[in-house]
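Quick notes on the structure that follows.
Naming: A, B, ... by sequence-line order, numbering from 1 per chain.
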There are 2 protein chains.
Amino acid sequence: MGLREEKKQATRTALSWAAIRLIVNRGYDRVLVEDIAAEAGVSPRTFNNYFGSKAEAVASRHLDRCVRMAEALRERPADEPLWDSIEHVMLETLKPGPEVTAHARPDKKEWAAGLQLMFVVPAIQAEFLRAAALAESALAAAVADRTGTDAVTDIYPQLVAATVTATLNVTSRLFVADNAGMRALITESLQHITKGLPPPA
Amino acid sequence: MGLREEKKQATRTALSWAAIRLIVNRGYDRVLVEDIAAEAGVSPRTFNNYFGSKAEAVASRHLDRCVRMAEALRERPADEPLWDSIEHVMLETLKPGPEVTAHARPDKKEWAAGLQLMFVVPAIQAEFLRAAALAESALAAAVADRTGTDAVTDIYPQLVAATVTATLNVTSRLFVADNAGMRALITESLQHITKGLPPPA
DNA sequence: TGAGAAAACTGCGGGTCACGCATCTTTGCG
DNA sequence: CGCAAAGATGCGTGACCCGCAGTTTTCTCA
């Protein structure tokens with residue numbers, strides 16, 4: 001499909017971005033659905049055609065990223081070791097895309113503070129976790145295809161997917177807290193994982 | 001404290017149980033907060049003194065279980081290998097407590113069906129994941145104490161906690177879907193984890 | 001290119017929810 | 001026994017989510 005789907009995706013991301021920006025600036029409960037809709041240039045009713053809640057709108061970008069990660073995994077060379085592919089894909093997917101770097105944000109300090117506040121809201125936390133969980137099935141399917149296992153029957157692909165998600169969650173949490181280097185966090189985490197998480201000597 | 005805290009906990013679990021029972025029987029959106037409060041014998045307003053939403057009430061039992069798991073980990077012998085302790089604690093914590101076995105449920109078939117339907121509701125999914133994530137910090141702290149690491153600074157304990165949570169999520173999902181043996185699922189999963197999740201030959 | 005069909009957007013309305021506030025009741029303690 | 005603290009309740013409000021019906025936009029096909 002063409003123009004139709006394109007526009008739909010456009011307003012979808014517009015709504016999500018608007019929600020994030022407003023909430024980071026003003027705080028979660030000082031932003032109304034009405035405000036988000038206005039910011040995105042659509043009717044308030046339309047907002048709920050795209051998202052079931054404010055939190056879902058905020059998390060939708062996270063969901064997209066996670067889904068893209070699963071897709072990217074399918075495009076890695078088949079002979080590459082699985083966990084090398086996973087590391088590559090994670091490192092690749094997390095780097096901010098052009099839509100982020102384009103948006104020049106004047107006050108990085110304030111933005112970071114607002115971000116942290118946003119992740120304190122229970123509804124946001126829950127919705128982010130759910131987004132990751134939703135993408136997990138796609139990830140499991142990709143892992144299953146790659147390893148010759150069954151995404152539904154076998155536990156292995158689901159475990160790998162869940163572990164990747166868990167790693168992403170932990171590193172993300174540390175990232176928004178300390179603003180530490182994401183790449184280092186990921187590589188170190190994956191090393192722990194592939195070694196079987198033995199207690200440190 | 002004594003009678004005060006006791007009563008509070010009582011109404012809390014009463015509300016949670018009431019929510020679960022009603023929702024499993026009738027479906028999520030055919031149950032009003034008012035109904036849950038009536039079932040538990042308190043005012044509708046009181047419900048929101050305990051829980052911020054219907055979903056949170058439902059997930060609260062799950063949260064309690066996860067927290068108990070972290071506490072139980074602290075009581076394992078210090079010289080036991082970490083992952084043996086984890087396996088033991090997971091197996092121990094998941095078995096239904098006396099409050100479940102006491103409540104004689106007449107129609108197991110219908111109950112299982114209702115349960116599956118309940119976990120389809122997005123708000124429920126999200127809140128369950130959040131409950132697990134909340135308990136994760138307690139779990140990480142326990143792991144940190146045990147391994148001589150720092151629960152905030154070091155990645156290791158957080159990774160272990162997140163992985164345990166992920167395993168619990170996966171096995172729970174498979175359990176409600178197939179009603180398969182939970183114990184077997186857990187032991188197999190932990191074997192994969194401690195081996196570093198290598199792809200099957 | 002021009003209808004007709006399909007799909008999205010919009011306004012309206014209702015049912016529910018979450019919570020602040022004030023009040024009343026219960027609990028704990030001196 | 002009586003007072004202070006904390007919980008429970010009732011009321012009221014603002015916001016949310018969604019069903020429904022009408023309008024506008026987009027797609028398709030002749």
Side-chain angles (χ1 to χ4, degrees), chain A residues 1-20 22-23 25-60 117-118 120-127 130-131, chain B residues 1-20 22-23 25-60 117-118 120-127 130-131:
Chain A
M1 302 220 174
L3 206 161
R4 211 177 185 109
E5 292 296 322
E6 200 175 327
K7 260 196 171 179
K8 235 178 113 171
Q9 202 57 31
T11 53
R12 181 182 179 84
T13 57
L15 280 170
S16 182
W17 264 111
I20 294 176
L22 290 175
I23 289 178
N25 287 334
R26 287 192 228 161
Y28 184 74
D29 39 7
R30 290 190 202 175
V31 174
L32 275 52
V33 171
E34 183 185 345
D35 303 331
I36 303 173
E39 185 89 359
V42 296
S43 130
R45 180 62 183 85
T46 298
F47 176 88
N48 283 96
N49 289 348
Y50 284 89
F51 302 109
S53 67
K54 267 193 290 180
E56 191 181 325
V58 173
S60 101
L117 275 184
M118 188 174 79
V120 173
V121 179
I124 300 277
Q125 296 175 0
E127 209 58 42
R130 191 175 86 93
Chain B
M1 303 214 176
L3 205 161
R4 212 169 182 116
E5 291 296 322
E6 201 174 327
K7 260 195 172 180
K8 237 178 111 168
Q9 202 57 30
T11 54
R12 182 182 177 82
T13 57
L15 279 171
S16 181
W17 265 111
I20 294 175
L22 289 176
I23 290 178
N25 287 332
R26 287 193 227 161
Y28 184 73
D29 39 7
R30 290 189 203 176
V31 174
L32 275 51
V33 171
E34 184 185 344
D35 303 331
I36 303 173
E39 184 87 359
V42 297
S43 131
R45 179 63 183 84
T46 298
F47 175 89
N48 283 97
N49 289 347
Y50 284 90
F51 302 109
S53 67
K54 268 192 291 179
E56 191 180 325
V58 173
S60 101
L117 274 183
M118 188 174 79
V120 172
V121 179
I124 300 276
Q125 294 175 3
E127 209 58 42
R130 192 176 83 94

Worksheet item: 5'-most contact on DNA chain D: B/Pro44 or A/Asn48, nearest heavy atom basis?
Response: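 So the residue in question is B/Pro44.
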Worksheet item: Which sits closer to the 5' end of DNA chain D, A/Val33 or A/Asn49, going by the nucleotide each is nearest to?
Response: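 Nearest-nucleotide comparison on DNA chain D picks A/Val33.
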Item to complete: Using a heavy-atom cut-off of under 4.0 Å over every strand shown, decide if B/Ser43 touches base, sugar-phosphate, or nothing.
Response: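 Since only primed, P, OP1 and OP2 atoms lie under 4.0 Å of B/Ser43, the category is sugar-phosphate.
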Discussion item. Within the 4.0 Å heavy-atom criterion, would you say B/Asp29 contacts the bases, only the backbone, or no part of the nucleic acid?
Written reply: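 It contacts nothing in the nucleic acid.
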Discussion item. I want to verify a distance call: between D/dA6, D/dC17, C/dA18, whose nearest atom is closest to the A/Ser53 side chain?
Written reply: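 The nucleotide sitting nearest to the side chain is D/dC17.
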Worksheet item: With respect to the side chain of B/Arg4, which nucleotide from C/dA8, C/dG28, D/dC16 is positioned closest?
Response: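 The answer is C/dG28, which lies nearest to the side chain.
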Worksheet item: Ignoring hydrogens and angles, are the base of D/dA8 and the side chain of B/Arg45 linked by a donor-acceptor pair under 3.5 Å?
Response: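 By the distance-only test, no, there is no pair.
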Starting at atom [atom1] of [X], determine the distance to atom [atom2] of [N], rounded to an integer number of angstrom.
{"X": "A/Arg12", "N": "C/dA8", "atom1": "CZ", "atom2": "P", "value": "12 Å"}
{"X": "A/Glu34", "N": "C/dT10", "atom1": "CD", "atom2": "P", "value": "14 Å"}
{"X": "A/Ile36", "N": "D/dC16", "atom1": "CD1", "atom2": "P", "value": "8 Å"}
{"X": "A/Gln9", "N": "C/dA8", "atom1": "CD", "atom2": "C1'", "value": "14 Å"}
{"X": "A/Glu6", "N": "D/dC27", "atom1": "CD", "atom2": "C1'", "value": "14 Å"}
{"X": "B/Arg30", "N": "C/dG15", "atom1": "CZ", "atom2": "C1'", "value": "16 Å"}
{"X": "B/Lys54", "N": "C/dG15", "atom1": "NZ", "atom2": "P", "value": "15 Å"}

Discussion item. Tell me whether B/Lys54 contacts the main-chain N or O of B/Ile23 through its side chain, where contact means a donor paired with an acceptor under 3.5 Å.
Written reply: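 Flag not set: sc B/Lys54 to bb B/Ile23 has no pair under 3.5 Å.
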Worksheet item: Quick one: does A/Asp35's side chain have a donor or acceptor within less than 3.5 Å of a partner on A/Leu32's backbone?
Response: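 It does hold such a pair.
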Practice prompt. Determine, step by step, whether A/Asn49 and A/Arg45 satisfy the side chain to side chain contact (heavy atoms under 4.5 Å, CB included) criterion, reporting the C-alpha distance in whole Å, the side-chain angles of both residues, the deciding distance to 0.1 Å, and the verdict.
Written response: CA-CA 7 Å; A/Asn49 289 348; A/Arg45 180 62 183 85; 2.9 Å; yes
Worksheet item: If you round to the nearest 0.5 Å, how far is OH of A/Tyr50 from CD1 of A/Ile36?
Response: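 If I round to the nearest 0.5 Å, the distance is 15.0 Å.
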Worksheet item: What pair of heavy atoms forms the shortest contact from A/Val33 to A/Pro44, and how long is it?
Response: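 What the structure gives for the nearest pair is CG1-O, 4.2 Å.
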Discussion item. With a 4.0 Å cutoff (strictly under), does any side-chain N or O of A/Tyr50 reach OP1 or OP2 of C/dC9?
Written reply: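 Yes.
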Worksheet item: Is the distance from OP1 or OP2 of D/dT25 to the nearest side-chain N or O of A/Lys7 less than 4.0 Å?
Response: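 The answer is no; no side-chain N or O of A/Lys7 sits under 4.0 Å from OP1 or OP2.
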Discussion item. I want to confirm an ordering. Mapping A/Val42 and B/Phe47 to their closest nucleotides on DNA chain C, which one lands closer to the 5' end?
Written reply: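 This one resolves to A/Val42.
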